[in-house]
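Both ligands and their constituent atoms are indexed starting at 1 by order of listing. Just so it is clear, the values below take in all heavy atoms, side chains as well, and ignore hydrogens, waters and symmetry mates.
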Amino acid sequence: MKLTLHDTMSGKKLEFQPLNAEKVTMYLCGPTVYNYAHIGNARPAVVFDLLARLLRQQYKLLFVRNITDVDDKINAAAIESGQSIGEITKKFIKAYNIDMAALGVGAPDIEPKATEHIAEMILMIRDLLKKGYAYEQDGHVLFEVSTYEDYGLLSKRNLTEMKLGSRIEIASYKKSAHDFVLWKPSTPDFPGWDSPWGRGRPGWHLECSAMIEKHLGDTIDIHAGGQDLVFPHHENEIAQSTCAHQGKVFSRYWLHNGFLSIDNTKMSKSLGNVSLVRDLLKDYSGEVIRLALLTAHYRQPLEWSEETLIGAKKMLDRIYGSLRDIEVSTKKLNATKVPSPVMSALLNDLNTPMAISEVFNLAKELNKTTDQNQKEAIAAEILIAGRILGLFESDANEWFQNKNTSIQFKQEIESLIVQRDLARSNKDFIKADQIRDKLFAKGVTIEDTPSGVRWHYGSN
Ligand code: AMP
Ligand code: ZN
């Protein structure tokens, strides 16, 4: 099974060959937690969750997706809302994880927070200073871009041309406009940590370099993120890590997803043209939203509209329609492999539109056949393909009963809440947490209030 992936650095589709099949390492730049996730933010989470599922078929994977919980945008959100920075980040980390779980995104193996890696960041800055790649000025420490000759290789930018073209006013503490912040001073009202350069906070790019070094090592197999991160974020991560690690390759494959747009404009918090995942979940199941995201190839732009969701809902209706009333035994399921046309499509740089169309071919075959054994075999193939795509995990009969609000669904949730209460009153907190996780996986948020437990579908 040959996996090919499009690598931004070489601009080519390459065969994926890990450094060590027993420990494939992948890092995805995670959210900056100051707002609810919009559907554009969900695209990398879903796409690279699919890649993680695919890699886990063949390799042992260590997948890290970080949380950026120190950032100027978070500080601004705290001032605007009157909440503390800790309250803001806690609230939006929880909301992000609930929303992503509802879209079938598995938790990463490690989810490091930037604020818990300040010591590692300070060490990396000291090292870069010692080696002559950085300089200190007015409480700031900056990476001196001209000291790294391969700067610009990922984003295909030429530093000399950039210099000639740039008319940006240079901040007083910078030698060159392209130098970027590793550390900057903090005023008493902002988060800050003591450092050799005074009380301050890290630059965003440095956060990822330090967390990668700590959890995955100097050279990783795959680094992923949205296309907007190629420059400057990933270019700067490469400069820092490569210079800190004696020129060792930082990431062997670079993967970037294309933009999700609305009316041909990139969806973005700053433009305000966002559709929040938590709002979409009020009208569509997580599975519909996930399929809608996967209908386009991850590198292509995806124009988002109500039609995208309606189309995905119809597709799932067709698949569940063909699976209805067919019993697939666990034994059969366990003995079934991902059908090779689906697998080949996914192995070809995650060609999800092709993989989904192959699932439709199976559904057509299933509708035609009258032989019960054959029906069970094809249904098993669809379900197994679904495990890797993160789809078709609902009960086919329940699907048509509007599961989210169906009486059975409500009863199931209420019963789990009663069991959790019981576990808590028996001081069996492990079991209580397991039940809470089960509710979480079903997209349900619970709230412990003085008058008892309240729940609702979707994130808080
Ligand atoms: P942020 O929280 O803004 O740092 O973004 C988190 C992730 O979402 C990053 O990988 C971004 O590249 C990605 N992202 C943000 N907006 C979009 C969009 N409109 N389409 C696709 N990916 C996006
Ligand atoms: Zn990053």
Side-chain angles (χ1 to χ4, degrees), residues 8 26-49 51 64-74 76-77 88-89 92-93 95-97 99-100 103 105 108 111-114 117 121 124 154-155 180 182 202-216 220 222-241 250-251 254-277 280 289 292-294 296-305 308:
T8 311
M26 172 157 97
Y27 183 88
L28 171 64
C29 296
T32 305
V33 280
Y34 67 101
N35 209 334
Y36 292 110
H38 61 68
I39 188 68
N41 299 136
R43 194 177 192 194
V46 166
V47 159
F48 297 113
D49 167 70
L51 177 58
V64 177
R65 188 188 66 208
N66 77 296
I67 298 276
T68 293
D69 58 350
V70 47
D71 186 275
D72 289 350
K73 288 185 222 134
I74 302 175
I88 295 267
T89 56
F92 290 115
I93 291 170
Y96 181 81
N97 282 325
D99 287 347
M100 293 311 117
L103 304 189
V105 174
E111 192 177 48
K113 295 194 186 90
H117 295 76
M121 294 177 204
M124 192 176 255
L154 182 75
S155 57
F180 59 88
L182 299 172
W204 169 40
H205 317 302
L206 184 79
E207 298 178 8
C208 287
S209 280
M211 287 185 273
I212 289 173
E213 179 190 70
K214 162 97 188 275
H215 297 285
L216 298 173
I220 63 172
I222 300 174
H223 195 315
Q227 197 186 313
D228 50 343
L229 301 187
V230 173
F231 187 86
H233 185 55
H234 289 164
E235 199 71 72
N236 292 353
E237 278 187 39
I238 295 173
Q240 296 158 161
S241 296
F250 174 44
S251 175
W254 284 93
L255 268 63
H256 292 100
N257 65 271
F259 291 139
L260 181 147
S261 57
I262 275 198
D263 298 331
N264 295 313
T265 308
K266 182 197 165 197
M267 185 179 283
S268 106
K269 287 171 197 165
S270 53
L271 292 175
N273 60 345
V274 297
S275 259
L276 300 183
V277 173
L280 292 171
I289 301 170
L293 286 169
L294 295 177
H297 186 263
Y298 77 96
R299 289 198 293 117
Q300 297 303 318
L302 170 58
E303 173 66 18
W304 190 259
S305 69
T308 325

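- Seen from the Zn ion (ligand 2), atom SG of Cys208 and atom OE2 of Glu237 lie 100° apart in angle, a value rounded to 10°.
- Side-chain contact annotation: Glu235 with Ser155, donor-acceptor N/O pair under 3.5 Å present.
- At the top of the distance list for atom 10 (O) of ligand 1, counting protein heavy atoms only, stands Gly226 N, 3.1 Å.
- Protein heavy atom at the shortest distance from atom 22 (N) of ligand 1 is Gly40 O, 3.2 Å.
- Here the side chains of Met121 and Ser209 are not in contact, with every heavy-atom distance at 4.5 Å or above.
- Between Asp228 and ligand 1, a contact under 3.5 Å exists for at least one N or O pair.
- In summary, no N, O or S atom of His205 is located under 2.8 Å from the Zn ion (ligand 2).
- The 12-atom threshold is not exceeded at NZ of Lys113, counting heavy atoms of other residues, nucleotides or ligands nearer than 6.0 Å.
- In terms of modelled atom types and a separation under 3.5 Å, the side chain of Ser251 and the main chain of Trp254 share no donor-acceptor contact.
- The nearest protein atom to atom 8 (O) of ligand 1, hydrogens excluded, is given as Asn41 ND2, 3.3 Å; this is a heavy-atom distance.
- Relative to the ring axis of Tyr36, Lys269 does not place its NZ or CZ within 45° and under 6.0 Å from the centre.
- Backbone and side-chain nitrogen or oxygen atoms of Leu229 are examined, and none is located within less than 3.5 angstrom of a nitrogen or oxygen of ligand 1.
- The proximity of Asn257 to ligand 1, defined as any non-hydrogen pair under 4.0 Å, is limited to the side chain.
- Counting only N and O atoms by type, the side chains of His256 and Thr8 include a donor and acceptor under 3.5 Å apart.
- Here atom 19 (N) of ligand 1 lies nearest to Met267 when heavy atoms of His233, Met267, His256 are compared.
- Backbone or side-chain N, O or S atoms of Cys29 reach the Zn ion (ligand 2) at under 2.8 Å.
- For atom 20 (N) of ligand 1, the nearest non-hydrogen atom of the protein is Leu260 N, 2.8 Å.
- When each atom of ligand 1 is checked for a heavy atom of Lys269 under 4.0 Å away, the hits are 2 (O).
- At least one side-chain heavy atom of Leu182 sits less than 4.5 Å from a side-chain heavy atom of Gln240.
- The distance criterion of under 3.5 Å between nitrogen or oxygen atoms is not met by Pro44 with respect to ligand 1.
- At least one side-chain heavy atom of Leu216 sits less than 4.5 Å from a side-chain heavy atom of Tyr27.
- Ligand 1 has no atom lying under 4.0 Å from any heavy atom of Ser268.
- Polar contact check, Thr32 against ligand 1: a nitrogen or oxygen pair lies under 3.5 Å apart.
- Looking at Thr308, its side chain never comes within 3.5 Å of a backbone N or O of Trp304 through a donor-acceptor pair.
- Gly258 counts as a contact of ligand 1, since one of its heavy atoms falls under 4.0 Å from the ligand.
- For the residue pair Thr68/Asn66, the side-chain donor-acceptor check at 3.5 Å is satisfied.
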